Protein chains: 2
Amino acid sequence: MAKLQKSIDKRNALVKATIQLVNNNGFHATSMSKIAKMAKVSPATIYLYFENKQDLVNQTYLEVKSGYTDYAFANYNPEMTVEAGFRLIWHRIADFKLKECESALFLAQCDNTPMIDEPSRQEGIKHLQPLLDLWERGKKEGIIKPISNYLLYAYTINPLSFLMSAQIRGTFVLDKNQIEEAYQAAWSSIKLCN
Amino acid sequence: MAKLQKSIDKRNALVKATIQLVNNNGFHATSMSKIAKMAKVSPATIYLYFENKQDLVNQTYLEVKSGYTDYAFANYNPEMTVEAGFRLIWHRIADFKLKECESALFLAQCDNTPMIDEPSRQEGIKHLQPLLDLWERGKKEGIIKPISNYLLYAYTINPLSFLMSAQIRGTFVLDKNQIEEAYQAAWSSIKLCN
DNA sequence: AAAAAAAGAATGAACGTTCATTTTTTAGTA
DNA sequence: TACTAAAAAATGAACGTTCATTCTTTTTTT
């Protein structure tokens, strides 16, 4: 196998091991030696690919985050109507959170603890811009309530994180019907009509 | 000072130190000796009040959680109409999350990492029952959408956690107007009317 | 044969927890 | 009330372990 491919494989194994260990045991119980063992690599090898533990976690976060936003906007086109665009993006995000739950769970943990440093967190937020632009357009066109983007996010996208967690914890299953109900709840919370 | 009071004070200091350290540095960076130092106590003393670190964290979680639900339902009365009851509980929860943000931030971290063990987590959920009962009544009366309580929670209560985090991170401030906008978003996402 | 990648063993520091001792509180006696 | 002895509470130092990271050597690739 080519050297480069082997390197990529090893790096990916490390990133994947980090995600799985943090998901199952929490960041506090995820040590470098456990990551190394799960990735079938020497602890010392990690330091050929990452500066230190913080760097490993930051890079893992950014990789997962951009996988998420790439998926969310993959077939979005800014020419769409506001409602169609929102429906599309919302469903892509729902899809991602429910299918790629390993990634989604990891992001939920990162977003709620200080395990990620602030620069990486800021970097991760940038990728959501197309959705924010869509919302601004929706407000101008009088289709979406004229409220802060934080509110719009809190009431349409953030609930999906909670539902994903509940689903993983096994207390609840989101079927197709419920996803549609969730979409209706999201849309009715932000649409402007009477 | 009475012996009992002194004990209570010390226990409270330990619980408070745990909350503050976990909030500021994360669970992974919160050690027993740091907790002891912040509570102005010897590390050994912690073990007079708590079995071990996990027990300290579990107990802290349950204490904060019941403070939260006590506040939420303090002036709620099951005789109220569905809409009035919901409005009241929602505003109490919003109040708590924005004023007692130390507690709220701690709970948000607990709810998104495996730092709390499963029995304590289950215990913490029980206290929300009055809200679930209210929702069931609302569904029967045709006032609230006939959807899962998980969805109702995700779209009305959970967004407040996100807004609280954003506010603490300083990227956003929720004023009185915005709280009312948030309430309208929450209510319009679950109320039943064409 | 030289260079790069990977390894295991070793590092000091920090961890959660316990131990032996000291300090504080309590309760009984004068 | 003042004194004292037993009990309880609290301590700092020390325990064995594990941590993140580095060092030296071996293996693999060029």
Side-chain angles (χ1 to χ4, degrees), chain A residues 1-61 106 109-110 113-117 120, chain B residues 1-61 106 109-110 113-117 120:
Chain A
M1 204 189 316
K3 171 209 116 180
L4 186 61
Q5 187 53 50
K6 247 183 103 172
S7 281
I8 293 174
D9 288 347
K10 224 162 250 190
R11 217 196 89 105
N12 287 344
L14 285 166
V15 167
K16 185 164 190 184
T18 303
I19 295 169
Q20 291 183 337
L21 284 168
V22 169
N23 279 349
N24 291 325
N25 311 113
F27 187 43
H28 69 282
T30 299
S31 67
M32 294 300 258
S33 54
K34 282 182 193 160
I35 294 170
K37 191 171 281 179
M38 182 173 260
K40 288 178 182 158
V41 137
S42 159
T45 303
I46 300 180
Y47 293 85
L48 300 174
Y49 293 87
F50 303 95
E51 238 176 77
N52 51 37
K53 192 182 182 184
Q54 185 67 58
D55 182 47
L56 165 59
V57 173
N58 285 343
Q59 288 201 39
T60 300
Y61 171 73
F106 182 76
Q109 257 193 92
C110 292
T113 77
M115 71 191 239
I116 300 296
D117 63 22
S120 301
Chain B
M1 201 190 318
K3 168 212 121 181
L4 186 62
Q5 187 53 50
K6 249 183 101 173
S7 280
I8 293 175
D9 288 348
K10 223 161 249 187
R11 216 196 90 105
N12 287 344
L14 285 166
V15 166
K16 186 165 189 181
T18 303
I19 295 168
Q20 291 182 339
L21 284 167
V22 168
N23 278 350
N24 291 327
N25 311 114
F27 187 44
H28 68 283
T30 299
S31 67
M32 294 300 258
S33 54
K34 283 182 192 159
I35 293 169
K37 190 170 282 176
M38 181 170 263
K40 288 178 184 158
V41 135
S42 157
T45 303
I46 301 181
Y47 292 86
L48 299 175
Y49 295 87
F50 303 95
E51 237 177 79
N52 49 39
K53 192 182 183 184
Q54 185 66 58
D55 182 47
L56 165 59
V57 173
N58 286 341
Q59 288 200 37
T60 301
Y61 171 73
F106 182 76
Q109 256 193 92
C110 291
T113 77
M115 73 191 238
I116 301 296
D117 63 22
S120 301

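In the text below, chain A, chain B and the rest are named by the order of the sequence lines, each starting its count at 1. The structure presented is a predicted model; accordingly, all values stated were derived computationally and were not measured.
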Hey, does the side chain of B/Lys40 reach the backbone of B/Ala13 with a donor-acceptor pair shorter than 3.5 angstrom?
-> no
Mark yes or no for whether A/Ser120, through its side chain, and A/Ile116, through its backbone, hold a donor-acceptor pair below 3.5 Å.
->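 Flag not set: sc A/Ser120 to bb A/Ile116 has no pair under 3.5 Å.
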Side chain of [X], heavy atoms from C-beta onward: which of [options] has the nearest atom to it?
X: B/Ser42; options: C/dG16, D/dC19, D/dG12; value: D/dG12
X: B/Ser31; options: C/dA6, C/dT17, C/dC15; value: C/dC15
X: A/Lys34; options: D/dA20, D/dC19, C/dG16; value: D/dC19
X: B/Tyr47; options: D/dT21, C/dA6, C/dG16; value: C/dG16
X: A/Ala44; options: C/dA7, D/dT21, C/dA6; value: C/dA7
X: B/Met32; options: C/dC15, D/dA20, C/dT17; value: C/dT17
X: B/Tyr49; options: D/dT22, D/dA10, D/dG12; value: D/dA10

pair B/Gln59-B/Arg11: side-chain heavy atoms closer than 4.5 Å | yes
Protein-nucleotide distance ([X], atom [atom1]; [N], atom [atom2]), rounded to Å:
X: B/Lys37; N: C/dG16; atom1: NZ; atom2: P; answer: 13 Å
X: A/Ile35; N: D/dC19; atom1: CD1; atom2: P; answer: 11 Å
X: A/Lys40; N: C/dA7; atom1: NZ; atom2: C1'; answer: 17 Å
X: A/His28; N: C/dG16; atom1: NE2; atom2: P; answer: 10 Å
X: A/Gln54; N: D/dT21; atom1: CD; atom2: C1'; answer: 15 Å
X: A/Ile46; N: D/dT21; atom1: CD1; atom2: P; answer: 9 Å
X: A/Lys10; N: C/dA4; atom1: NZ; atom2: C1'; answer: 12 Å
X: A/Asn25; N: D/dC19; atom1: CG; atom2: P; answer: 11 Å

For DNA chain D, whose closest nucleotide is more 5', that of A/Glu51 or that of A/Ser33?
-> A/Ser33
Donor-acceptor side-chain pairing of A/Asn24 and A/Gln20 below 3.5 angstrom |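 No, because no side-chain N or O of A/Asn24 sits under 3.5 Å from a partner of the opposite role on A/Gln20.
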Check whether NZ of the Lys or CZ of the Arg A/Lys53 lies under 6.0 Å from the centre of the six-membered ring of A/Tyr47 and within 45 degrees of that ring's axis.
->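 No, A/Lys53 and A/Tyr47 do not form such a contact.
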Just checking B/Phe50: base, sugar-phosphate only, or nothing, at a heavy-atom cut-off of under 4.0 Å?
->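 The answer is nothing, as B/Phe50 stays clear of every strand by at least 4.0 Å.
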Mind checking B/Thr45 for me? I need base, sugar-phosphate or nothing, with any heavy atom below 4.0 Å counting as a touch.
->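 Base contact.
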